[in-house]
2 protein chains.
Amino acid sequence: MDLPSPSATVFHAIESTIKEYRKFSQKKLSNAVSDMTIDQGLVLAFLDRYPEMSQKEIAALAFKDNASMTRMINLMVKKEYLERSINKLNRRRYKLEITPKGKNVLKTLTPIVLDNREKALEGVTEEELIQLEATLKKIKSNCNKP
Amino acid sequence: MDLPSPSATVFHAIESTIKEYRKFSQKKLSNAVSDMTIDQGLVLAFLDRYPEMSQKEIAALAFKDNASMTRMINLMVKKEYLERSINKLNRRRYKLEITPKGKNVLKTLTPIVLDNREKALEGVTEEELIQLEATLKKIKSNCNKP
DNA sequence: TGTTTATAATTGATATATCAATTATTTTTG
DNA sequence: CAAAAATAATTGATATATCAATTATAAACA
């Protein structure tokens, strides 16, 4: 029994698409801000929108492992994009704050990210987008079944 | 200017879908073959189908960097799934061969991968699949424009 | 032919992914 | 309340991702 060529499956197409988007997006981002990855930018964006988030919650939204998130945030603290302090209400979680440097980067980065998304979706109709999300959701939920 | 919540974009949906599929697929695979990742399985599958492939070509199909592929293949050689020998026709590239152990794994793994794909696509119509691939292709090509 | 240029693979450095084990702190419960 | 269970974060080990630099070989070309 042979596998149909793995490069012909829809999973291959999904993966290649998201990878292209990441490369494309990272390139634009690097032109504007050195020293910042897409994922680090995402962390800033999440924290900006939900300032009370714990590392664990951010990790979940960004599809990262907790351990990875710890290390990412360590780096971002070292690079002075974030500050970690003790959360007195629950000393297991930290309080994370975006530094002024982080806020600046976020300001630079925001229009770039918006533009990236727009360019990546050029010529894709609203209808197609809805259909795309619906099909992805089906696949995702199939993978979640016990 | 605020970013629309990053978790609401279609890119987020694409990424989360492929990650779910990978987890799902890896879990099934690990149950049957310890010591084998999806990507290592892919390398076996590509080599099985196209025995003359160079590391570079495999890397491209599997969306890996050449450096990553070198290290992956090193590991697979160490674990005796693959054998590397010199290609006399072009001494820059290696000849890669699947060992008997590798062939066995491939045999075990093939029906599992097929089943994974099938399960993940349950309830997705042919029409939806075609539409999905078409939209992804649009996005991908947008990201490739200079 | 000898020299430049291109190609395949490797290596080093650093970041991230992943799993399992550990620590420090709540929360639950008996 | 004290012991047990749960939770958030960290750490260690190993694999992979990524970029830049390097090595070995082959191809192009003057």
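Labels below follow one simple rule: chain letters A, B, ... track the order of the sequence lines, proteins then strands, and each chain is numbered from 1. Note that the structure is predicted; figures quoted are calculated from it, not measured.
- Residue pairs that meet the ring-ring contact (aromatic ring centres under 6.0 Å, His included) test with at least one member in residues 71-100 of chain B, sequence neighbours left out, do not exist here.
- To the nearest 0.5 Å, atom CG of residue Asn144(A) and atom CD1 of residue Ile139(A) are 12.5 Å apart.
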Discussion item. For nucleotides 16-24 of chain C, give me one character per nucleotide, 5' to 3': B if any protein heavy atom sits under 4.0 Å from the base, S if the only such contacts are to the sugar-phosphate, - if neither.
Written reply: SBBB-----
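- Not counting sequence neighbours, Lys137(A) has no partner by the side chain to side chain contact (heavy atoms under 4.5 Å, CB included) test.
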Fill in: Candidate pair Arg22(B) and Asp39(B), rule salt bridge (Lys or Arg N to Asp or Glu O under 4.0 Å), full reasoning
CA-CA 10 Å; Arg22(B) 278 185 161 269; Asp39(B) 286 323; 3.1 Å; yes
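- Atom CG in Leu89(B) sits about 10 Å away from atom P in dA27(D), given to the nearest Å.
- Distance CG (Asn90(B)) to P (dT7(C)): 12 Å, rounded to an integer number of Å.
- At the heavy-atom level, Arg84(A) lies under 4.0 Å from the strands shown only through sugar-phosphate atoms.
- At the heavy-atom level, Asn74(B) lies nowhere under 4.0 Å from the strands shown.
- Residue Asn87(A) contributes atom CG, which lies 14 Å from atom C1' of dT7(D) at whole-angstrom precision.
- For Thr70(B), a side-chain nitrogen or oxygen approaches OP1 or OP2 of dT10(C) to under 4.0 Å.
- Both Val124(B) and Leu136(B) are members of a single hydrophobic cluster when ILVMFWY side chains are connected at heavy-atom separations under 4.5 Å.
- Annotation: proximity of residues 51-61 of chain A to DNA chain C (heavy atom, distance under 4.0 Å) is found for no residue.
- Counting only residues at least two apart or on different chains, the ring-ring contact (aromatic ring centres under 6.0 Å, His included) pairs with a member in residues 20-45 of chain A are Tyr21(A)-Phe11(B).
- Applying the salt bridge (charged side-chain N to carboxylate O under 4.0 Å, His left out) test to pairs two or more places apart or on separate chains, those with a residue in residues 67-86 of chain B are Asp35(B)-Lys79(B).
- Under the side chain to side chain donor-acceptor pair (under 3.5 Å) test applied with Ser30(B), the options Lys27(B), Lys28(B), Gln26(B) reduce to a single match, Gln26(B).
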Worksheet item: Does the pair Ser16(A) and Glu20(A) meet the rule for a side chain to side chain donor-acceptor pair (under 3.5 Å), with working shown?
Response: CA-CA 6 Å; Ser16(A) 78; Glu20(A) 282 298 340; over 6 Å; no
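- dT25(D) atom P lies 15 Å from atom NZ of Lys88(B), rounded to whole Å.
- Per the geometry, OH belonging to Tyr94(A) stands 14 Å off C1' belonging to dT7(D), to the nearest Å.
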